[in-house]
Structures are given as structure tokens and as C-alpha cells.
Amino acid sequence: MLIHGSITVNKNSCTVTYYAQIISLLPKEYKLLLLFLEYPNHVLTYEMIVDQLWDLDRVPSANGIRSHIKGLRKAFRKVNNTIEIIETVHGMGYRLNPVLLKQEDSETLCSLPPPPILKDFLQTKAIEYCILDQQFFIQYISPSLIEYCDYPESLKIGSYVGDSFPELIGFEEILVKVITKEEPNLEIQGVARSVNPKRPAYVNFYVMANQDVHWPSNHHEPLLFIFIEDASEKMSYKQRITQLENEMSLFGTLNISYLV
């Protein structure tokens, strides 16, 4: 197995997955991907690509190389249409997109699963969460967070949290105060949206900064933890109580009027 961030290659079966989704590649596209993964920090020239992947009597033209690169990009865009897996370095060659390197570092940064007792507690309370850096870019996503999101196609590691949770846009100043410990936390309750019909009708947001500077062990900058709770039952119950109170109030008013 060859793993690079969210890209996994099974060399035995020659299968490639990206964010757990299978990528269909032609033989040369597959070999090109392996070459870029073997040299993730290098710019690969036309000559190097030819030397590694083609026989001397079957050397393709520069246009032929570009065609294979284009096919590789297109295959990955079917899963994530916001990123080019291979970048063109004009006048030099091609390289693996540096953003993928950043994603790999981010996933290593926050790849620690929550302790079992915390995981069980969050599941019991119908709570999912994500972890942000100081620029509000997502560093970790809990497995079922996508079910709580109105824009699941934007929910990716390395993306700005406001793209997937626009409810947080406008709270940046408060988030900064939370991450710098000027404010203990932020709560946004009873948020209702309907863009994604599969998500809960109402959600609560709870935001706090990490208190333990040693977690994760290889990270020394503050992180933001955003817990998102399914509040649909609570809101329905609250609305029902409010309705009953209004009905009782109206009933009392009618009785008084009748007696008068």
C-alpha cells in the first residue's frame, strides 16, 4: 500500500482511492500517479517522465505527455472538482499539487481518534465535530459530520469552514477571541437550514479552543473545536411547549372575556 494524504494505492490490485472513492485510471495514468507519489516534492521534467515510463523506441511527444497528465487530472476531478492533482510548472515540468502535501500534514496532525468514552458520549448525544486551525481551515472531520452539513461537497480537509458551514460566517471576531482565550466559548443554538434535506432540521454549534497544548503531540498552535449537535428533538419540544403556553394564554383570555 502506498498512502499519500487521502490518496491510497494498492499496488497488488493496482487500485487507487481518493477520500475512499475509487479512481479509474488508464495504465499510463496509473504509472504516472505512482511516479509523482514517489517524488512528491520534485518537479518532474518531460525527460524524467519519459525515462521512467517509456522505452526508448516508443518515446511520446510533449503533447502525448500532456494528454496523459490531462487524463490523470480529469479522473481525480470526478471526485473533487476543486483541485488539480498535478500542477504545471511553466518552463520546467510537472509536480504533485503542494496542497495535497498540506492535506497530508493536516491529516497526520489530527489523525488521533477520540478516546472510546468520548466517542460513545458524542454518538449518544448526536454530536459530530471538526477541528480548525487559527485561519479557520478544517484540519479534522469526524466521520458523520457530512450528515450535519448543508454543503457536503465543500466539506474537505484544508477547506475554509465557512464554505461548508456558512452559519459561522460573521462570527470570525468571536472565534479569534475564543482561540486566544479572551472568550471561553461560543454557542449558536437553534440554527435551521434546509439546503440539504438529509441534515437535521435544527443544529446547535458549540465552539471552544483546545486546553491541552500537548494535543496533538506534534502541534503547538491553538486549535478550535466545533461541536455540532442535532437539536431537532429539543427544538420540536420547545416549540410544542410554546404553542401550548400560547393556547392556554388564549384560552384564559377567552374565559375572562366570557365572564365579563
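Atom CD in E147 sits 10.0 Å away from atom CG in D230 (nearest 0.5 Å). Atom SG of residue C130 and atom OH of residue Y148 lie 13.0 Å apart, to the nearest 0.5 angstrom. Taking CG from L32 and CG from L44, the interatomic distance works out to 9.0 Å, rounded to the nearest 0.5 Å. Taking CD from Q21 and NZ from K78, the interatomic distance works out to 12.5 Å, rounded to the nearest 0.5 Å. Remark: E128 CD to C149 SG distance equals 12.0 Å, nearest 0.5 Å. Atom CD1 of I85 sits about 4.0 Å away from atom CD1 of I7, to the nearest 0.5 Å.
You'll find the ring centres of F225 and Y129 outside the 6.0 Å limit.
For the pair S24 and A75, the tightest heavy-atom approach, listed with the atom from each and the gap, is O-CB, 3.6 Å. Here the closest heavy-atom approach between residue V178 and residue L224 is recorded as CG1-CD2, 3.8 Å. Closest of all the heavy-atom pairs between Y206 and N204 is OH-ND2, 3.4 Å. Closest of all the heavy-atom pairs between R73 and I86 is NE-O, 2.9 Å. A pairwise comparison of heavy atoms in E172 and F136 identifies O-CZ, 3.8 Å as the closest pair. Residue A209 comes nearest to K181 through the heavy atom pair CB-CE, 3.7 Å, listed as atom of the first residue, atom of the second, then distance.
The main-chain N or O of E84 is found under 3.5 Å from a side-chain atom of N97 such that the two form a donor-acceptor pair. Panel note: side chain R95, backbone P40; no donor-acceptor pair is recorded below 3.5 Å. Looking only at distances, no side-chain donor or acceptor of S159 sits under 3.5 Å from a matching main-chain atom of L155.
In this structure, the side chain to side chain contact (heavy atoms under 4.5 Å, CB included) partners of S61, at least two apart in sequence or on a different chain, are N63. Partners of D51 under the side chain to side chain contact (heavy atoms under 4.5 Å, CB included) rule, at least two apart in sequence or in another chain, do not exist in this structure. Taking K74 as the reference, R77 meet the side chain to side chain contact (heavy atoms under 4.5 Å, CB included) condition, with sequence neighbours excluded.
The one candidate from W54, Y94, Y30, F36 that meets the ring pair (Phe, Tyr, Trp, His ring centres under 6.0 Å) condition with H68 is W54.
More than 12 heavy atoms of other residues, nucleotides or ligands shown are found within 6.0 angstrom of CD on E187. For K28, the NZ atom sits in a packed shell: over 12 heavy atoms of surrounding residues, nucleotides or ligands are nearer than 6.0 Å.
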**Request:** Given side chain to side chain donor-acceptor pair (under 3.5 Å), test D133 with Q139 step by step and report yes or no.
**Result:** CA-CA 7 Å; D133 62 15; Q139 303 296 300; 3.3 Å; yes

**Message:** The test is side-chain contact (heavy atoms from CB on, under 4.5 Å); show your working for V176 and F171 and say whether it passes.
**Reply:** CA-CA 9 Å; V176 170; F171 288 94; over 6 Å; no

**Request:** Determine, step by step, whether Q134 and I179 satisfy the side-chain contact (heavy atoms from CB on, under 4.5 Å) criterion, reporting the C-alpha distance in whole Å, the side-chain angles of both residues, the deciding distance to 0.1 Å, and the verdict.
**Result:** CA-CA 7 Å; Q134 294 185 80; I179 205 169; 3.6 Å; yes

**Message:** Please evaluate residues L132 and F137 with respect to the criterion side-chain contact (heavy atoms from CB on, under 4.5 Å), reporting the C-alpha separation (whole Å), side-chain torsions for both, the decisive distance (0.1 Å), and the verdict.
**Reply:** CA-CA 5 Å; L132 313 181; F137 288 97; over 6 Å; no

**Verdict with supporting geometry, V79 and I23, side-chain contact (heavy atoms from CB on, under 4.5 Å)** = CA-CA 8 Å; V79 175; I23 304 294; 3.3 Å; yes

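In the hydrophobic cluster analysis, where Ile, Leu, Val, Met, Phe, Trp and Tyr join through side-chain heavy atoms closer than 4.5 angstrom, L33 is grouped together with Y39. In this structure, L26 is not a member of the same hydrophobic cluster as V9, with clusters built from ILVMFWY side-chain heavy atoms closer than 4.5 Å. I169 and L145 fall into different hydrophobic clusters, where Ile, Leu, Val, Met, Phe, Trp and Tyr side chains are chained together by heavy-atom contacts under 4.5 Å. Under the 4.5 Å side-chain heavy-atom criterion for grouping Ile, Leu, Val, Met, Phe, Trp and Tyr, L96 is not connected to V89 through any hydrophobic cluster. Connection of V43 to L34 is not established within any shared hydrophobic cluster, with ILVMFWY side chains joined at heavy-atom distances below 4.5 Å, either directly or through further cluster members.
Counting heavy atoms from C-beta outward, I138 and I131 have side chains that stay 4.5 Å or more apart. Between T88 and H90, the closest side-chain pair of non-hydrogen atoms falls below 4.5 Å. Counting heavy atoms from C-beta outward, P200 and I228 have side chains that stay 4.5 Å or more apart. Residues L53 and L35 have side chains in contact (heavy-atom distance under 4.5 Å, counting atoms from C-beta outward). In this structure, V207 and N185 have side chains that are not in contact, with every pair of non-hydrogen atoms separated by 4.5 Å or more. Between K177 and L186, every side-chain heavy-atom pair lies at or beyond the 4.5 Å cut-off. With a 4.5 Å cut-off on side-chain heavy atoms, F205 and F165 count as touching. You'll find the side chain of Q135 stays beyond 4.5 Å of the side chain of Y160, heavy atoms only.
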